[in-house]
Amino acid sequence: MNVRRPHISAVALAAVTALGIGTLSACSSDGAAAGNTDKFDVVASFYPMAYLAEQIGGEHVHVTSLTQPGQEPHDLEISAKQTAQLEESDAALYLKGLQPTVDEAIGQSPVKTKIDAATLTSLEEHGTEAGGHEDEHGEDEHAEDGHAEEEHAEDEHGHEHTHEGGQDPHIWLDPVKYAEVAEGVGKAFEKADPDHAADYRKNTAALVGTLTDLDKKFETGLADRKTDVFITTHAAFGYLAERYGLTEEAISGLDPESEPSGARVKELQQMAKADGVTTIFYETLVSDRTAKTLAGDAGLETDVLDPLEGITDASRGDDYVQVMEANLKALQTALGAK
């Protein structure tokens, strides 16, 4: 849809040629580069954003993802080719605070429509503990055991993976918040491409309906459970935990690559025994070594809880909804839900 600009600097062109990186198309099968089609061209930062663009845009959009399948999105470095793709696009859809190089590239790009998903719902600060319930005195039930969220703030080495102010960017793992973002994206598409506004409204409503049904499945599926506590390697599931009355305890903070302290490992082992935890969850795009070590020492099982930062052959499903349903099943087993 965008008229292709004729000039790209010789330096950028040489860099693109040297890199030889293929187009990272999230939904189009024609392999055309972003900005070089007769559709509404959207560059999405990583899978959850690309999924929204595909579902809402339907046949009217061409979506290019900056993050390749299987690539850890936090580690993304923008290439010269991707910078050029941004310049030629009609819209950029991203989640500010998750991928610093993406934030910088989009901020500097001339793309007309810039959609920051973090502005379309409310964000919260999460440490290595998220969720939980207050007792009758208004205090967190784990506070006396030294598990309060404030005490874990020093364990968060991944400030570069958090939103401004230390806020947790993993909003897509809460179907309700993800639906709020979808509604905002739909309105942005309507404004930017008014010729297809009616279809964008229709597609947005359908997606919100799907996410509402998913929320109901989680609420019902986790209603009758033996324990509220689950342990993960990466503190990605704070919003999900809060939505369904659970407590996520993460081995490390919001940074999936940070190493836990010996004290934190010992604390988790004691907590697992006290709270009836059976499973340590790890994710598909990051090493499972820490989870398996902790589980082995504590006599626990391991399983995948997918933060859905990308879809690969190892994913338990072909799209967002299928993988989230697989996550629900994994949680039901781990929490003893009937």
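In what follows, residues are counted from 1 in the order of the sequence shown.
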Just list the side-chain donor-acceptor pairs under 3.5 Å for residues 102-111, sequence neighbours left out, or say none.
{"residue": "Asp103", "atom": "OD2", "partner": "Gly97", "partner atom": "N", "Å": "2.9"}
{"residue": "Ser109", "atom": "OG", "partner": "Ile106", "partner atom": "O", "Å": "3.0"}

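Of the N and O atoms on the side chains of Gln55 and Thr210, not one donor lies less than 3.5 Å from an acceptor on the other residue. A side-chain N or O of Tyr244 and one of Asp215 form a donor-acceptor pair less than 3.5 Å apart. With no hydrogens or angles considered, a side-chain donor-acceptor pair links His126 and Glu242 at under 3.5 Å. Inspection of the Asp193 and His60 side chains reveals no N or O donor paired with an N or O acceptor under 3.5 Å.
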Where do Leu335 and Lys226 land on the side chain to side chain contact (heavy atoms under 4.5 Å, CB included) test, with the steps shown first? CA-CA 6 Å; Leu335 301 176; Lys226 293 180 180 179; over 6 Å; no

Working note: Leu98 + His74, criterion side chain to side chain contact (heavy atoms under 4.5 Å, CB included); need CA distance, chi angles, decisive distance, verdict. CA-CA 6 Å; Leu98 186 79; His74 305 87; 3.7 Å; yes

Test side chain to side chain contact (heavy atoms under 4.5 Å, CB included) applied to Lys39 and Val61, step by step: CA-CA 5 Å; Lys39 296 186 177 184; Val61 302; 5.7 Å; no

Between Leu66 and Val43, does a side chain to side chain contact (heavy atoms under 4.5 Å, CB included) hold up when you go through it step by step? CA-CA 7 Å; Leu66 294 175; Val43 169; 3.6 Å; yes

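By the 4.5 Å side-chain criterion applied to Ile, Leu, Val, Met, Phe, Trp and Tyr, Val176 is assigned to no cluster and stands alone.
Expressed to the nearest 0.5 Å, how far CD of Gln269 lies from CD1 of Ile280 amounts to 9.0 Å. Atom-to-atom distance recorded for Thr204:OG1 and Leu52:CG is 9.0 Å, nearest 0.5 angstrom. Note that NZ of Lys96 is 12.0 Å distant from CG of Leu123, once rounded to the nearest 0.5 Å. Here the OG1 atom belonging to Thr333 is positioned 9.5 Å from the CG atom belonging to Leu328, to the nearest 0.5 angstrom. Here the straight-line distance linking atom CD of Gln71 with atom OG1 of Thr312 works out to 12.5 Å at 0.5 Å rounding. Note that CG of Leu173 is 5.0 Å distant from CZ of Phe237, once rounded to the nearest 0.5 Å.
Looking at Phe189 and His196, their side chains never come closer than 4.5 Å, going by heavy atoms from C-beta outward. Contact annotation: the side chain of Pro175 never approaches that of Lys216 to less than 4.5 Å [non-hydrogen atoms, C-beta and beyond]. Taking 4.5 Å as the limit, every side-chain heavy atom of Val277 sits out of range of all side-chain heavy atoms of Glu249. Residues Lys266 and Gln270 are in side-chain contact: their nearest non-hydrogen atoms beyond the backbone lie under 4.5 Å apart. Side-chain contact check for Leu246 versus Leu240: some heavy-atom pair is nearer than 4.5 Å. Within the 4.5 Å cutoff, side-chain heavy atoms of Leu305 are placed close to those of Leu331. Contact of the Val321 side chain with the Asp213 side chain is not registered, since no non-hydrogen atoms from C-beta on lie closer than 4.5 Å. By the 4.5 Å heavy-atom criterion applied to side chains, Leu95 and Ile171 are counted as neighbours.
Minimum interatomic distance between Val185 and Ile115 (heavy atoms only, all atoms of both residues): CG2-CG2, 4.3 Å. Nearest heavy-atom pair, Ala92 versus Leu86, reported as atom, atom and distance to 0.1 Å: CB-CD2, 4.0 Å. The nearest pair of heavy atoms linking Asp306 to Ser315 is OD2-OG, 4.1 Å. Among all heavy-atom pairs drawn from Ser45 and Thr67, the shortest one is O-OG1, 2.6 Å.
Below 30°, between 30° and 60°, or above 60°: for Trp172 and Phe46 the angle between ring planes is above 60°, a perpendicular geometry. Taking the six-membered ring where the residue is Trp, Tyr178 and Tyr320 present tilted rings, their angle falling between 30° and 60°.
Judged by distance alone, the side chain of Gln332 and the main-chain N or O of Gly221 form a donor-acceptor pair under 3.5 Å. Between the side chain of Ser89 and the backbone N or O of Ala91 there is no donor-acceptor pair closer than 3.5 Å. Using a distance-only test at 3.5 Å, with no hydrogens or angles considered, no donor-acceptor pair links the side chain of Thr233 to the main chain of Ala291. When atom types are taken as modelled, the side chain of Tyr47 and the backbone of Pro73 share no donor-acceptor pair closer than 3.5 angstrom. Side chain of Thr101 to backbone of Leu76: a donor-acceptor contact under 3.5 angstrom is found. Side chain of Glu248 to main chain of Gly238: a donor-acceptor pair is present (N/O by atom type, distance under 3.5 Å, no hydrogens or angles). Between the side chain of Thr279 and the main chain of Glu301, no donor-acceptor pair closer than 3.5 Å is present.
Residues passing the ring-ring contact (aromatic ring centres under 6.0 Å, His included) test with Phe230, sequence neighbours excluded: none. Looking at residues two or more places apart in sequence or on another chain, you find a side-chain hydrogen bond (donor to acceptor under 3.5 Å, both in side chains) between Lys217 and Glu325. For Phe281, there are no ring-ring contact (aromatic ring centres under 6.0 Å, His included) partners two or more places apart in sequence or in a different chain. Residues passing the ring-ring contact (aromatic ring centres under 6.0 Å, His included) test with Tyr282, sequence neighbours excluded: none.
Dense packing is recorded around NZ of Lys114, with more than 12 heavy atoms of other residues, nucleotides or ligands lying under 6.0 Å away. Remark: Gln322 CD is packed, more than 12 non-hydrogen atoms of other residues, nucleotides or ligands lying under 6.0 Å away.
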